[in-house]
Amino acid sequence: MTDRLRLLRRRAQPAALTIARLVITAMVAYLIADWLLPISAPLLAPLTALLVVQVSLYRTLRHAFERVVSVTAGVLVAVVLVSVFPFSWLSLAIAILASLVIGYLLKLGDHLLEVPISAMLILQVGTDAAAADRIVETLIGAAVGLVAGLIAPPVRLRPAEEAITDLGESAAALLDRMADGLDTAPDDKVVAEWSRDAQNLGHEIQRVEKELAAASEAAHYRPRGGAGAESSRALRSALETLERATVIIRGLAASIADRTGLYLRDSAGLGAEMWEADVREKLAGTLHELASSTRDYAAAVTAPDRDRAAALTIHLNESLAEGRRQRDDLSWLLREDPGHWPLHGELLVHLDRLLDGLRDGQEPVRIRMVVPARPKD
């Protein structure tokens with residue numbers, strides 16, 4: 001429970017910073033618009049600022065541009081129609097049609113509907129002054145949002161690193177639970193729980209994907225962000241390694257379930273030697289070493305400096321070597337039960353793939369050891 005609370009608290013910190021950043025940006029936009037424009041409650045400025053401020057400088061620039069273009073286009077459509085036609089259902093339909101066509105031609109994407117919305121608001125007021133004020137409000141909000149993106153860019157690389165660490169910890173914790181559960185012959189309820197936990201690792205991967213996408217985008221458009229871009233690529237490569245590991249862990253859980261099913265169906269016959277004490281001991285030892293290796297791998301690729309990464313790499317390779325020794329001992333024990341080689345082979349192949357994957361996937365760790373220091377967010 002303590003680890004769970006620590007994880008929730010760590011995830012809440014970026015959210016708190018984002019909320020504070022949005023509130024301050026919106027209030028600054030409102031105060032500037034209220035000071036400059038002769039209108040009451042210029043709420044369009046803070047609204048635009050909130051819509052413009054995104055998770056990276058690139059998205060902030062893109063959304064600011066699209067927002068200004070969509071509002072300006074809608075206002076111009078309304079100004080032209082007001083000067084030609086009196087307001088009616090027909091002029092409203094023409095305004096919406098023209099706005100949507102222009103929005104599609106300009107490829108405004110998520111901001112497409114803002115074109116007809118702006119046009120309808122101006123049609124309701126029906127004055128050139130209101131049209132000008134709406135454009136100025138939008139420009140003020142967009143400008144404040146851009147300044148906020150430049151002065152106080154959101155923290156992106158560290159949440160991605162923490163997401164990688166969390167994924168490695170989740171996978172390692174499952175391997176440890178599986179190992180601890182082999183103190184006695186597992187039952188179908190226990191192995192079913194392991195299988196569900198292995199499936200749930202996919203949700204963790206989706207969260208890491210989102211954090212990495214934001215980190216990559218922020219690093220790419222960050223001035224002098226070479227180290228950040230390199231770290232982002234290393235994290236992407238590490239995720240691929242851990243993603244393959246989670247798939248293998250699901251297969252491993254299924255393999256253990258197959259062995260348990262045979263043991264429960266015929267514990268005195270064909271399944272008699274499935275879960276003997278020495279088999280469970282060697283398999284548990286291999287799983288514990290794999291758990292240690294997975295933790296070290298995730299920690300090494302997110303290490304704050306090269307010395308820490310180097311120390312974790314040494315421990316990683318030591319645990320992989322010990323895991324390989326335990327796996328080989330298990331293989332010799334399984335030779336004494338040659339009648340079930342399909343089941344034995346399935347189990348050993350999954351163990352081999354986990355060991356080999358963590359050994360061969362250390363390129364992002366080497367990148368971390370080359371990058372001089374974690375780039376500041």
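A pairwise comparison of heavy atoms in Ala179 and His288 identifies CB-NE2, 3.4 Å as the closest pair. Scanning all heavy atoms of the two residues, the minimum distance from Val115 to Gly103 falls at CG2-CA, 4.4 Å. Heavy atoms only, all atoms of each residue included: Leu201 and Ala171 are closest at CD2-N, 4.0 Å. Pairing each heavy atom of His315 with each of Ser292, the nearest pair is CE1-OG, 3.5 Å. Contact record, Thr286 with Gly323: CG2-O, 3.7 Å, taken as the closest heavy-atom pair. Nearest heavy-atom pair, Ser319 versus Asp296, reported as atom, atom and distance to 0.1 Å: OG-OD2, 4.2 Å.
Note: Glu281 CD to Asp329 CG = 9.5 Å, rounded to the nearest 0.5 Å. To the nearest 0.5 Å, atoms CZ (Arg196) and CD (Glu193) are separated by 6.0 Å. With values rounded to the nearest 0.5 angstrom, Arg353 atom CZ is found 12.0 Å from Leu348 atom CG. Put simply, CE on Met27 and CG on Asp34 are 11.0 Å apart, with the number rounded to the nearest 0.5 Å. A distance of 14.0 Å separates CG in Leu320 from CZ in Arg325, rounded to the nearest 0.5 Å. To the nearest 0.5 Å, atoms CH2 (Trp194) and NZ (Lys189) are separated by 13.5 Å.
Salt-bridge formation is detected for the pair Arg295/Asp176: a Lys NZ or Arg NE/NH1/NH2 atom is positioned less than 4.0 Å from an Asp or Glu carboxylate oxygen. At a threshold of 4.0 Å, the pair Asp278-Lys282 does not count as salt-bridged, since none of the basic side-chain nitrogens sits closer than that to a carboxylate oxygen. We find that Asp356 and Arg359 are joined by a salt bridge, their nearest charged nitrogen and carboxylate oxygen being less than 4.0 Å apart.
Clustering ILVMFWY residues whenever any of their side-chain heavy atoms sit less than 4.5 angstrom apart, transitively, puts Leu264 in the very cluster that holds Leu343. Under the 4.5 Å side-chain contact rule for hydrophobic residues, Leu92 and Leu100 share a cluster. Under the 4.5 Å side-chain heavy-atom criterion for grouping Ile, Leu, Val, Met, Phe, Trp and Tyr, Tyr104 is connected to Leu113 within one hydrophobic cluster. Taking hydrophobic clusters as Ile, Leu, Val, Met, Phe, Trp and Tyr residues chained together by side-chain heavy-atom distances below 4.5 Å, Leu90 shares a cluster with Val77. Leu283 is connected to Leu355 through a chain of hydrophobic side-chain contacts under 4.5 Å among Ile, Leu, Val, Met, Phe, Trp and Tyr, so both are in one cluster.
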Walk me through it: do His340 and Leu334 pass the test side-chain contact (heavy atoms from CB on, under 4.5 Å)? CA-CA 9 Å; His340 299 100; Leu334 295 178; over 6 Å; no
Are Asp188 and Tyr263 close enough, and set up right, to give a side-chain contact (heavy atoms from CB on, under 4.5 Å), and what steps lead you there? CA-CA 10 Å; Asp188 53 357; Tyr263 172 77; over 6 Å; no
Given Ile256 and Trp275, is the side-chain contact (heavy atoms from CB on, under 4.5 Å) satisfied, shown in steps? CA-CA 10 Å; Ile256 292 176; Trp275 289 130; 3.7 Å; yes
Go through it in stages, so that I can follow the logic: the residues are Leu351 and Leu290, the test is side-chain contact (heavy atoms from CB on, under 4.5 Å), and I'd like the CA-CA distance, side-chain angles, deciding distance and then a yes or no. CA-CA 9 Å; Leu351 295 175; Leu290 280 166; 4.0 Å; yes
What's the verdict on salt bridge (Lys or Arg N to Asp or Glu O under 4.0 Å) for Glu322 and Arg327, showing C-alpha distance, side-chain angles and the deciding distance? CA-CA 9 Å; Glu322 177 60 23; Arg327 179 267 176 214; over 6 Å; no
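With hydrogens and angles disregarded, a donor-acceptor distance shorter than 3.5 Å links the side chain of Arg259 to the backbone of Met274. Although no hydrogens or angles enter the test, the distance criterion places a donor-acceptor pair under 3.5 Å between the side chain of Arg280 and the main chain of Leu182. For the pair Ser255 (side chain) and Gly251 (backbone), a donor-acceptor distance under 3.5 Å is absent. Remark: the backbone N or O of Ala234 is not paired with any side-chain donor or acceptor of Ser237 at under 3.5 angstrom.
Under the 4.5 Å side-chain criterion, counting only non-hydrogen atoms from C-beta, Leu354 is not in contact with Thr294. Contact of the Asn200 side chain with the Asp197 side chain is registered, since non-hydrogen atoms from C-beta on lie closer than 4.5 Å. Taking 4.5 Å as the limit, every side-chain heavy atom of Asp187 sits out of range of all side-chain heavy atoms of Val191. Under the 4.5 Å side-chain criterion, counting only non-hydrogen atoms from C-beta, Leu347 is not in contact with His344. Looking at heavy atoms from C-beta onward, Leu175 lies in side-chain contact with Leu252 at the 4.5 angstrom threshold. A heavy-atom distance below 4.5 Å is found between the side chains of Leu316 and Gln362. Looking at Leu242 and Tyr297, their side chains come closer than 4.5 Å, going by heavy atoms from C-beta outward. Within the 4.5 Å cutoff, the side chain of Asp352 has heavy atoms near those of the Arg324 side chain.
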